[in-house]
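The structure appears below as structure tokens.
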2 protein chains.
Amino acid sequence: MADIARIANVSKPTVSRVLSGSPLVTQATRDHVLEVARAHGYAVNRNAQKLRQTRTDTISVVLDFGSHRGGRIADPFIFELLAGVAEALAVRKLDLLLSPPAAQDERAYQDQVNARVVDGFIFLGQGERDPMLRDLAKLGVPFVVWGAVDPTEPYCAVGSDNRLGGRLAGEYFLRSGRKDWLFIGDTNHAEIAMRHDGLSEATHGKSASIRVLRTGDMSYTSTLNDTAAYLATHPAPDAVFAFSDTAAMAVIAAFKEQGLRAPEDFALVGYNNIPPAAAFTPAITTVEQETHIAGAILVEKLMQKIEGGRAASTVLPTRLIVRET
Amino acid sequence: MADIARIANVSKPTVSRVLSGSPLVTQATRDHVLEVARAHGYAVNRNAQKLRQTRTDTISVVLDFGSHRGGRIADPFIFELLAGVAEALAVRKLDLLLSPPAAQDERAYQDQVNARVVDGFIFLGQGERDPMLRDLAKLGVPFVVWGAVDPTEPYCAVGSDNRLGGRLAGEYFLRSGRKDWLFIGDTNHAEIAMRHDGLSEATHGKSASIRVLRTGDMSYTSTLNDTAAYLATHPAPDAVFAFSDTAAMAVIAAFKEQGLRAPEDFALVGYNNIPPAAAFTPAITTVEQETHIAGAILVEKLMQKIEGGRAASTVLPTRLIVRET
DNA sequence: ACGAGTCATGAAATGCATTTCAAGGGCAAG
DNA sequence: CTTGCCCTTGAAATGCATTTCATGACTCGT
């Protein structure tokens with residue numbers, strides 16, 4: 001910058017003002033400086049800039065790719081979320097640092113903020129990382145979470161109404177006269193657990209029972225294998241609630257091996273409403289989440305926290321899309 | 001850092017050495033300094049650090065979320081790629097800055113490097129941004145591209161053998177005695193165009209013809225609508241090559257409306273081999289790409305470029321997975 | 001025509017860590 | 001017992017831009 005200043009016959013502060021769009025410079029000087037800067041391919045060193053200013057204008061989005069490792073990514077759901085967040089950050093001219101989770105260590109996140117790497121965090125899918133988040137909130141690190149919304153937690157979470165999603169599925173099963181339900185999903189994940197709670201709620205006062213099959217991981221293949229193994233050793237249920245549409249497809253395949261079909265032999269409800277769910281044969285009944293606005297909400301809440309305010313958790317509505325299964 | 005130095009009764013350089021893991025400090029001093037630093041929640045200011053050092057240890061991954069905007073994300077393919085890149089970068093302890101494309105402006109990318117924001121770029125899906133990339137290469141900015149590999153281009157690209165993918169589909173059509181093929185996809189995208197070329201290659205010396213349907217965008221819904229509209233005004237082909245598995249599903253749905261089914265009435269080949277393709281009814285024949293190693297290759301090539309070396313483009317094999325369609 | 005007030009610009013201080021270079025302490029060899 | 005070397009540590013310079021605060025030029029009102 002000193003060089004540019006010398007060449008343009010002005011001082012460093014003036015160059016700085018020009019480059020940061022300050023209104024305190026004459027149009028003539030501005031044009032001249034800009035031209036010199038451009039001619040020399042000069043760009044403000046962002047590290048020096050961030051060093052001087054206090055803000056980093058960068059948000060870390062924490063996403064566990066590891067859970068998809070190896071196998072194919074089954075469900076595009078989490079990426080739709082990521083896309084929404086990316087867009088919302090771009091609108092606010094904030095940089096997006098995509099990071100893998102720092103193993104269970106709240107101090108690591110705090111350090112990131114102290115080190116002026118990022119201003120805050122957006123956790124996409126809290127998984128089983130719960131207790132760490134509580135500690136992180138205590139440290140005063142700004143962050144928001146996509147996942148299960150639990151009013152007793154001290155941090156701001158945004159998520160779908162998983163309990164409602166579960167209840168909608170249960171009520172659908174009741175309407176079709178199903179009594180022996182199978183819940184497929186890892187109830188260690190808070191979101192999944194809440195869907196199970198919702199499903200239970202629907203049974204109150206009704207004669208329907210719920211069994212649970214906890215699958216190895218969230219992939220298509222695991223779900224297929226686990227479901228097939230389950231059917232080989234247990235009586236078949238007359239209704240299945242799967243944790244994702246991709247899982248629902250695996251369920252259909254596993255049941256088909258036993259000669260069982262939806263909706264004749266069992267009702268089936270998936271989750272997320274991914275496009276192939278509608279195209280599938282049979283078309284899969286599913287619970288839809290409002291992903292498209294989630295990104296903007298997450299970013300807005302996070303900015304409130306970064307600016308020192310409070311941000312309340314938000315529950316987004318879900319709705320059942322009834323199709324053939 | 002000066003504070004920590006004072007409190008620990010050492011000098012700034014010593015603290016710096018401890019925190020950067022230099023072997024030039026006694027174990028005793030190291031432990032003491034570390035303890036003081038931890039006790040005070042001190043973290044090295046990364047902006048000051050990067051200002052002094054020349055490297056940023058950050059890579060920008062450029063991905064156009066806009067092309068997925070609004071609608072649901074049809075195909076998880078590009079995200080599997082992203083996941084692979086994210087993992088490869090994490091292994092090398094590099095930060096991943098996820099950025100939207102800077103509109104057609106090669107200078108904007110060069111500035112990012114000059115401003116010490118990132119060391120280089122990974123473009124995921126070159127789309128139609130071709131000429132800009134050529135200019136960017138001329139500027140000497142380090143970057144690699146996932147997409148069509150064209151040896152005449154001056155930059156390093158990594159991509160599947162799209163031409164082979166197309167030819168495999170064509171040969172499959174020939175084997176099943178199909179003569180009237182429909183290619184569905186936007187041939188403005190270099191990758192898609194090469195698949196079309198491959199398909200053409202397969203017709204040489206054979207009596208088969210290729211029609212092209214260019215869809216509005218890459219979404220499930222557009223493909224469904226465009227295909228339906230096409231079938232309403234054109235005779236039905238006896239073979240279809242779609243640009244993705246999700247598109248193939250849309251094709252099946254559109255043909256079904258006309259009472260046409262695969263494989264009885266037409267052969268169908270998709271692309272990417274996403275998990276639901278196998279589960280679909282009918283199970284979709286598709287071309288598989290080697291996504292899982294792509295991330296590591298892209299990162300490796302980019303690092304070579306950043307270190308001033310040359311990096312040759314790489315073509316990854318593809319294979320046809322024959323299923324019911 | 002003179003004091004008051006604008007406006008554009010510059011000098012110097014500041015934000016923080018790394019790195020050369022020099023110096024001090026300790027130890028082995030002569 | 002001394003000389004020379006290695007090892008650990010510190011002083012000072014360096015990387016770069018922003019922001020007060022001060023200064024000079026110039027305009028406007030009376």
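Within every chain, numbering begins at 1; the chains are lettered A, B, ... in the order of the sequence lines, protein sequences first and strands thereafter. Note that this is a predicted model, so its numbers are computed, not measured.
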Legend entry - Stretch residues 21-41 of chain B: residues that reach within less than 4.0 Å of DNA chain C through a heavy atom: none
Inset, instruction - Assign B:Arg17 to base, sugar-phosphate, or nothing according to its heavy-atom contacts below 4.0 angstrom with the strands shown. - result: base
Legend entry - Least distance between heavy atoms, B:Asn47 atom then A:Leu51 atom: CB-N, 3.9 Å
Inset, instruction - Locate the shortest heavy-atom distance separating B:Pro142 from B:Ile306; write the atom from each residue and the value. - result: CB-CG1, 3.7 Å
Legend entry - Pairs satisfying salt bridge (Lys or Arg N to Asp or Glu O under 4.0 Å), at least one member in residues 12-23 of chain B, at least two apart: none
Legend entry - Within residues 290-303 of chain A or reaching into it, pairs that qualify as salt bridge (Lys or Arg N to Asp or Glu O under 4.0 Å) - sequence neighbours excluded: none
Inset, instruction - Check every nucleotide of DNA chain D for an atom under 4.0 Å from a heavy-atom of chain A, then give the first and the last such nucleotide from 5' to 3'. - result: D:dC16 to D:dT19
Inset, instruction - Look at the aromatic rings of A:Phe77 and A:Trp146 and report parallel, tilted or perpendicular, splitting at 30° and 60°. - result: tilted
Are there any protein N/O atoms within less than 3.5 Å of an N/O atom in nucleotides 23-28 of chain C, and if so, which ones and at what distance?
none

Inset, instruction - Please determine if a side-chain N or O atom of A:Thr14 lies less than 4.0 Å away from the OP1 or OP2 oxygen of C:dT9. - result: no
Inset, instruction - Report which part of the nucleic acid B:Val15 touches: base, sugar-phosphate, or nothing (heavy-atom distance under 4.0 Å, all strands). - result: nothing
Legend entry - Partners meeting side chain to side chain contact (heavy atoms under 4.5 Å, CB included) with A:Ser20 (sequence neighbours left out): A:Ser22
Legend entry - Inter- and intrachain pairs under salt bridge (Lys or Arg N to Asp or Glu O under 4.0 Å), touching residues 33-62 of chain A, at least two apart: A:Arg46-A:Asp95, A:Arg55-A:Asp57
Inset, instruction - Could you pull out all residues at least two apart from A:Glu307 that satisfy side chain to side chain contact (heavy atoms under 4.5 Å, CB included)? - result: A:Met303
Legend entry - All side-chain hydrogen bond (donor to acceptor under 3.5 Å, both in side chains) counterparts of B:Asn45, not counting sequence neighbours: none
Inset, instruction - Classify the nucleic acid contact of B:Lys50 as base, sugar-phosphate or nothing, counting any heavy atom under 4.0 Å across all strands shown. - result: nothing
Inset, instruction - Show the numbers, then the answer: is there a side chain to side chain contact (heavy atoms under 4.5 Å, CB included) between A:Ser60 and A:Phe123? - result: CA-CA 8 Å; A:Ser60 172; A:Phe123 292 94; over 6 Å; no
Inset, instruction - Give me the bend of the helix from C:dA1-D:dT30 to C:dG30-D:dC1, using the axes of the five pairs at each end, rounded to 10°. - result: 30°
Inset, instruction - For B:Arg52 and for B:Pro13, find the nucleotide of DNA chain D with the closest heavy atom, then tell me which residue's nucleotide is more 5'. - result: B:Pro13
Legend entry - Contacts of type side-chain hydrogen bond (donor to acceptor under 3.5 Å, both in side chains), residue B:Asp105, not counting sequence neighbours: none
Inset, instruction - Please assess B:Leu94 against B:Leu96 for the test side chain to side chain contact (heavy atoms under 4.5 Å, CB included), listing each intermediate value before the final yes or no. - result: CA-CA 7 Å; B:Leu94 296 168; B:Leu96 192 171; over 6 Å; no
Legend entry - Pairing residues for B:Asp3 by the side-chain hydrogen bond (donor to acceptor under 3.5 Å, both in side chains) criterion, not counting sequence neighbours: B:Arg6
